[in-house]
Structure formats: structure tokens, C-alpha cells
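Numbers here simply count residues along the sequence, with the first being 1. When reading the values below, keep in mind they use all heavy atoms of this one structure, side chains included, and skip hydrogens, waters and symmetry mates.
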Amino acid sequence: MKKYYKKPLKVGIIGTGRISDLHVIEYLSNQSTEIVAVCDSNIERAKQKLIDWNLSDIAIFQDYKDLLKMDEVDLVEILVPHHLHIDVALEAILRKKSISLQKPMCLNISEANKLISEAKKADVSLKIFENFIFYPPVIKAKEIIDEGQIGSPLSIRIKSNPGFSSTAWEVPNDASDWRQNVVKSGGGPLVFDDGHHKFALAWLFMGQAEEIHAWIGHTKATNNFLFDAPAIISFKFMENRIGNLEIVYSPNLDINTKHYAQDDRIEITGTHGILWINRGHGSLGSPPPLVLYKNGKYKNYNDIPSAWENSFINSTRDYINCLLNGKTPRLTGEQGKEILRMALAAELSSSEGRSIKINDERLS
Ligand SMILES: NC(=O)c1ccc[n+]([C@@H]2O[C@H](COP(=O)([O-])OP(=O)(O)OC[C@H]3O[C@@H](n4cnc5c(N)ncnc54)[C@H](O)[C@@H]3O)[C@@H](O)[C@H]2O)c1
């Protein structure tokens, strides 16, 4: 692997759709990076983004293979629909680019294995981009737990609650279309796609699940988008820990957000105390982002940056520092695969109506 890059690190963005706006924030402000090329099969969209991001005179491509042929590109940010992750990432490996690949790394475990082994063979750095684990209230919660302030963690309850918002950003129709096609998305929009972040949180705080049970229903949202909700997913972790992820769509729940109309809430119970993370994509009013209860008292953490974009900024910055200092990224391919396995287990459990062991060979 190219251990130490020269500054500025030259970045190519493949896929300039909805989420790319949050990925470029750090690259545009970090003195150690420079965006040198963008690509989107919808070339007009890519051109518009260059205007939005105030970037002129940089290379622009319709075919990602052309971007990847550019010698000067050190690092590529892969932000395309899920079914394309594997092909784009393999081509990037072939071209010896360092890779930041959005979650889920691919559609199944055999694709994940191929990606990990090809990256290793080619000695290419591979980061699976997961932002929730870089969200400041989550980082602080992990720190508090690691300090032993709630004792040993016993359970995690995660709630994903989409609703409506008059302040949310606009999501283009084509960003919804591929998510409604399981061949392209790999699974449901709330369990497999957004749920990936929640599996990552469960993994971060509790470790890999040993067994997963899921019941996944269906609801039509007001815009006719089919949600895989209500859903309830239960986890059994090592050392007698448990957890769940509950997903409900509340069509008339007013959510304060600049991004997706969704509220996320987490409660972690330990032997001595409890932690609440009170927001994620958006928030219900302005609750303290993090609250700790121990020794009969509540402590509100009001000063933690809690805008959702901070999770993207931190995750991107972490990878830049890894590349500049020859460090291992978070998530690694193997870690990304563990989380993918949890999402696949949930989908399989719901379709079979019984719990699934995480090492079930059908997940491979
Ligand atoms: N971390 C998060 O919270 C988060 C949030 C949203 C999306 N995502 C992930 O980001 C990725 C993109 O999601 P999105 O919401 O931006 O989707 P999107 O549909 O808005 O953007 C995808 C872009 O890829 C382009 N594209 C499609 N095929 C292409 C090809 N062959 N070559 C080049 N460009 C191509 C499309 O034209 C589109 O502009 C997905 O992996 C998704 O899971 C992550």
C-alpha cells in the first residue's frame, strides 16, 4: 500500500447524487485534499454539482472507468447505487486507487469477500464509509461507556422513526427508484439501507451479534414510496447482552432536519447507568444530544456538535488522516462485512419467520 501520500491528496468523486453534498464538505475545506475529478452517468447533474461546490476547471466524466484512468487521482469516493459498488470498487482496485466506499459495501458476503481479497492482493487501502459511528454524540457515548461510567453494557434500543419535515432536503426521484428495486438496493430502504447505520451502532456499542430475529412489515408512505416498516429486529450479543432496532413510520410526525425526514433515538442500559442519544438524521425539537443517568442524577451533554453533517465530516477527515499517516481506516473491509452480515441476517430472518445465527452459512 502507498503508505504516505503527498499533500494535497487528489480526490475523485464517483456518483454526484443526493449524498455527495455531505461527502464533499471536508474535501472542500481540508488543506490536505483537492477534488480533481467528478463522474456521474447523469452528466448534467455532475456539471450542476461543480457549480454548487464552486469547483471549476476540474475533470468531469460520464464513465467511471475514465475517471479511474487518471493517474493523478489518489483516492476515490464511491457514491453510486448499491448494485454498482462491487464493479466500481474492483475497477478502482485495478487502478490502484485508495477507496472510500459507501455502506453497504456490496450486496452479499461473497461480493464482500472478493472485494476484501482483491484489495489485499493489490495492496490498496479500502475504507467502508459509515458515518453514524463518527457522529459526535455517538463518539462521546462510546467514550463514556469505555470509561465504565454506565458499568457493563447490557442492552441497546435503537429507534428509527421517519416522519415528515418541511425543512428536509429534496430527494430526486431516481434516488428513490433504485431503492425500491431489490436487485439494485439489496434489501429494504429502512432495514437494509438506512438500517445499515443502526447495525453499525449496535456493533459499535455491543459487538457482533450472535443471533438475530426480525419481523419486517410494509407501509406505503405519502409519496407512494414503499417502506419496510413497521419492523422490529432483535439482537442477542455475546456475554448475555441484548438489543433491538425498532422502525416505525409516523406520517404526521414533524421532524426538524436539513436532510432526511427521520429521527433516530438510542438508549443504552448498563449495570450502573443509562445513556440516551436523542438525535441523528434530525431531531424532535432541541433535546440534549446526549444524556447520562448514573448515581441518581441526570447529566445533559448540550455542547456536543449534533448536526448530522458532522458525522460525514469526521468520517472523511478520519480517512484523510489514515492515508496521510499510513493508518488502517475505519471501517475496514472485514468490519464492513460483519455489519453487512447483520443486515442480511435480519432480511433472512424475516423471510423465514425465525431467528438466524450470524454464522449461518446461507449468509455467505
Ligand atoms: N451514509 C449515509 O447516511 C447515506 C445516506 C444516503 C445514501 N448513502 C449511500 O450513498 C450511495 C449513493 O446514495 P444517494 O442517496 O446519493 O443516491 P443517488 O441516487 O442520489 O445518487 C447516485 C448517483 O450515482 C449516479 N450513477 C448511477 N449509475 C452510475 C454509474 N454507472 N456511473 C456513475 N454514476 C452513476 C446516479 O446518476 C446518481 O447521481 C449509496 O451507497 C447509499 O447507500 C449513504
Side-chain angles (χ1 to χ4, degrees), residues 13 15-26 28 40 42 45 48-49 51-53 79-82 102-104 129-138 158-181 185 187-198 200-201 218-231 245-266 277-289 304-316:
I13 309 282
T16 57
R18 182 62 283 177
I19 209 62
S20 63
D21 288 326
L22 297 188
H23 281 262
V24 298
I25 299 174
E26 177 63 11
L28 291 174
D40 200 291
N42 179 341
R45 176 173 290 159
Q48 182 56 46
K49 290 292 183 185
I51 297 169
D52 297 348
W53 301 337
L79 304 172
V80 292
H82 302 160
Q102 256 288 356
K103 53 43 66 178
F129 191 101
E130 177 11 79
N131 53 300
F132 268 74
I133 64 170
F134 288 93
Y135 184 49
V138 168
I158 306 172
K159 177 83 147 249
S160 281
N161 197 182
F164 91 94
S165 173
S166 50
T167 54
W169 62 8
E170 207 175 305
V171 179
N173 287 339
D174 60 332
S176 299
D177 291 345
W178 66 260
R179 286 180 161 88
Q180 295 283 274
N181 178 345
S185 66
L190 292 175
V191 175
F192 186 78
D193 180 358
D194 180 64
H196 211 88
H197 303 298
K198 315 305 155 62
L201 291 171
H218 299 286
T219 308
K220 212 172 238 187
T222 44
N223 60 0
N224 276 339
F225 191 82
L226 195 63
F227 275 140
D228 43 346
L245 162 61
E246 178 191 309
I247 306 172
V248 280
Y249 168 54
S250 305
N252 300 316
L253 184 75
D254 191 353
I255 294 171
N256 171 22
T257 182
K258 284 193 289 178
H259 308 108
Y260 299 100
Q262 181 165 321
D263 181 55
D264 307 288
R265 309 187 284 279
I266 303 170
I277 299 167
N278 292 319
R279 51 164 302 163
H281 286 94
S283 66
L284 305 181
S286 312
I304 305 174
S306 58
W308 190 53
E309 55 268 35
N310 284 297
S311 62
F312 287 82
I313 292 168
N314 286 345
S315 187
T316 307

key: Non-neighbouring partners of Phe227 that pass ring-ring contact (aromatic ring centres under 6.0 Å, His included), sequence neighbours left out   =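 Phe225, Tyr249.
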
message = Suppose we screen for ring-ring contact (aromatic ring centres under 6.0 Å, His included). Which residues come up paired with His196, at least two apart in sequence or across chains?
response =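 For His196, no residue satisfies ring-ring contact (aromatic ring centres under 6.0 Å, His included) once neighbours in sequence are set aside.
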
task = Could you tell me whether Arg45 and Asp174 have a side-chain N and a carboxylate O separated by less than 4.0 Å?
result =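 A salt bridge links Arg45 with Asp174.
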
Would you confirm whether [X], through its side chain, and [Y], through its main-chain N or O, come within 3.5 Å as a donor-acceptor pair?
X	Y	result
Glu170	Pro172	no
Asn181	Trp178	no
Asp194	Pro189	no
Asp263	Asn161	no
Asp40	Thr16	yes
Ser250	Asn252	no
Asn278	Pro288	yes

Close side-chain approach of [X] to [Y], heavy-atom, < 4.5 Å:
X	Y	answer
Phe312	Ile19	yes
Phe164	Thr222	no
Gln262	Thr257	no
Ser160	Leu190	no
Val248	Lys159	yes
Ile255	Leu284	yes

Please round to the nearest 0.5 Å and tell me the distance separating atom [atom1] of [X] and atom [atom2] of [Y].
X	Y	atom1	atom2	result
Leu201	Glu130	CG	CD	6.5 Å
Leu245	Asp264	CG	CG	9.5 Å
Thr316	Phe129	OG1	CZ	4.0 Å
Arg18	His259	CZ	NE2	8.0 Å

ask   = Angle class for the Tyr260/Trp169 ring planes (parallel below 30°, perpendicular above 60°, tilted otherwise)?
value =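 Answer is perpendicular, since the angle exceeds 60°.
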
inquiry  = Can you confirm whether the side chains of Arg279 and Tyr135 place a donor and an acceptor under 3.5 Å from each other?
reply    =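 Their side chains do contain a donor-acceptor pair, which is all the 3.5 Å distance test asks for.
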
message = Between Asp193 and Ser185, do the side chains contain a donor N or O and an acceptor N or O under 3.5 Å apart?
response =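 No, because no side-chain N or O of Ser185 sits under 3.5 Å from a partner of the opposite role on Asp193.
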
key: Other residues, nucleotides, ligands: >12 heavy atoms within 6.0 Å of Asn223 CG   =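 Yes, because the 6.0 Å sphere around CG of Asn223 holds more than 12 heavy atoms from other groups.
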
request  = Go through the steps for Lys198 and Phe132 under the test side chain to side chain contact (heavy atoms under 4.5 Å, CB included), then give the verdict.
outcome  = CA-CA 8 Å; Lys198 315 305 155 62; Phe132 268 74; 4.1 Å; yes

inquiry  = Consider side chain to side chain contact (heavy atoms under 4.5 Å, CB included). Of His23, His197, Lys103, which one does Asn131 pass it with?
reply    =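 Going through His23, His197, Lys103 one by one, the side chain to side chain contact (heavy atoms under 4.5 Å, CB included) with Asn131 is satisfied by His197 alone.
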
key: Identified side chain to side chain contact (heavy atoms under 4.5 Å, CB included) counterpart of Ile247 within the set Thr219, Val191, Asp228   =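 Filter result, single survivor: Val191.
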
query = Of all heavy-atom pairs between Ser306 and Pro137, which one has the smallest distance, and what is that distance?
reply =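 Scanning both residues completely, I find the closest heavy atoms to be CB-CG, 4.3 Å.
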
Lys49 vs Val24, side chain to side chain contact (heavy atoms under 4.5 Å, CB included): CA-CA, chis, key distance, verdict = CA-CA 10 Å; Lys49 290 292 183 185; Val24 298; over 6 Å; no

